[in-house]
Amino acid sequence: MTKATLVRWSLGEFYDDAAVVVSELVTNAIRYGLSPGAGSLLRLVLVRYECQLVCMVTDPTDTAPKMQEPDWVTETGRGLHIIEAMSRAWGWTPLLGGGKAVWASFAIL
């Protein structure tokens, strides 16, 4: 979906970076955003707005994402570091009715 959308918007050159960021956002939402009783709906939203591409994933929990100190022996704990390094900015916002959206933006010219 990410690739098809970016190609349709003539932003195919952003696909490699956006694919990594979207993968990390979705992985974090699955790992930390799903909990018993909170529902299991995740949404991926891509938005092109003026000079920005925003990749956003929503999940049903209110827990804020937290950058961790990566453990250099394991394969986890680097997701937000990767998102921060590859995007112009990232953040999160609570959603009305519960849940949150975690986003990353890219500058497009």
Side-chain angles (χ1 to χ4, degrees):
M1 182 199 121
T2 301
K3 184 173 188 174
T5 302
L6 294 180
V7 167
R8 190 170 60 249
W9 291 345
S10 299
L11 296 175
E13 69 271 16
F14 289 93
Y15 173 69
D16 290 338
D17 290 347
V20 172
V21 167
V22 165
S23 175
E24 293 298 333
L25 290 171
V26 170
T27 299
N28 286 348
I30 291 169
R31 177 170 282 151
Y32 303 109
L34 299 180
S35 63
S40 60
L41 184 61
L42 303 176
R43 283 195 176 95
L44 168 62
V45 179
L46 301 174
V47 177
R48 180 181 183 172
Y49 179 73
E50 295 182 357
C51 296
Q52 290 187 80
L53 167 65
V54 179
C55 305
M56 180 182 346
V57 174
T58 67
D59 69 58
T61 63
D62 299 322
T63 307
K66 183 173 71 169
M67 188 136 359
Q68 302 175 20
E69 185 64 35
D71 180 340
W72 301 110
V73 178
T74 65
E75 295 181 10
T76 61
R78 295 178 182 83
L80 291 177
H81 294 278
I82 291 169
I83 292 167
E84 184 172 76
M86 296 188 79
S87 64
R88 184 181 61 85
W90 75 275
W92 74 282
T93 188
L95 299 174
L96 292 173
K100 69 179 173 297
V102 183
W103 56 267
S105 68
F106 297 88
I108 57 175
L109 301 174

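- Applying the salt bridge (Lys or Arg N to Asp or Glu O under 4.0 Å) rule to pairs touching residues 40-68 yields Asp59-Lys100, sequence neighbours excluded.
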Show every donor-acceptor pair shorter than 3.5 Å between a side-chain atom in residues 14-23 and any protein atom, with sequence neighbours excluded, or say none if there are none.
none

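- Under the salt bridge (Lys or Arg N to Asp or Glu O under 4.0 Å) criterion, no residue pair touches residues 22-32, with sequence neighbours excluded.
- Clustering of Ile, Leu, Val, Met, Phe, Trp and Tyr side chains at separations under 4.5 Å leaves Leu95 isolated, with no partner residue.
- With contacts defined as side-chain heavy-atom distances shorter than 4.5 Å, the pair Ile108/Trp9 does not qualify.
- Smallest separation of non-hydrogen atoms from Ile83 and Ala104: CG2-CB, 3.8 Å.
- Residues passing the side-chain hydrogen bond (donor to acceptor under 3.5 Å, both in side chains) test with Gln52 are Arg88, sequence neighbours excluded.
- By the side chain to side chain contact (heavy atoms under 4.5 Å, CB included) test, Gln68 pairs with Tyr32, sequence neighbours left out.
- Among residues two or more places apart in sequence or in another chain, the side-chain hydrogen bond (donor to acceptor under 3.5 Å, both in side chains) test is passed with Ser87 by none.
- Looking at every heavy atom in both residues, Thr61 comes nearest to Gly33 through CG2-O, 2.9 Å.
- Residues Val45, Val47, Tyr49, Met56, Trp103 make up the rest of the hydrophobic cluster containing Val54, defined by ILVMFWY side-chain heavy atoms closer than 4.5 Å, directly or through other members.
- Between the CG atom of Leu41 and the OG1 atom of Thr58 there is a distance of 6.0 Å, given to the nearest 0.5 Å.
- Atom OG1 of Thr5 and atom CG of Leu44 lie 8.0 Å apart (nearest 0.5 Å).
- With rounding to the nearest 0.5 Å, the separation of CG in Leu11 from NZ in Lys3 is 14.0 Å.
- Here the NE2-CE distance, from His81 to Met86, works out to 15.0 Å after rounding to the nearest 0.5 Å.
- The CG atom of Leu6 lies 9.0 Å from the CZ atom of Phe106; values are rounded to the nearest 0.5 Å.
- Under the 4.5 Å side-chain criterion, counting only non-hydrogen atoms from C-beta, Pro65 is not in contact with Asn28.
- Atom CG of Leu25 sits about 11.0 Å away from atom CD1 of Ile30, to the nearest 0.5 Å.
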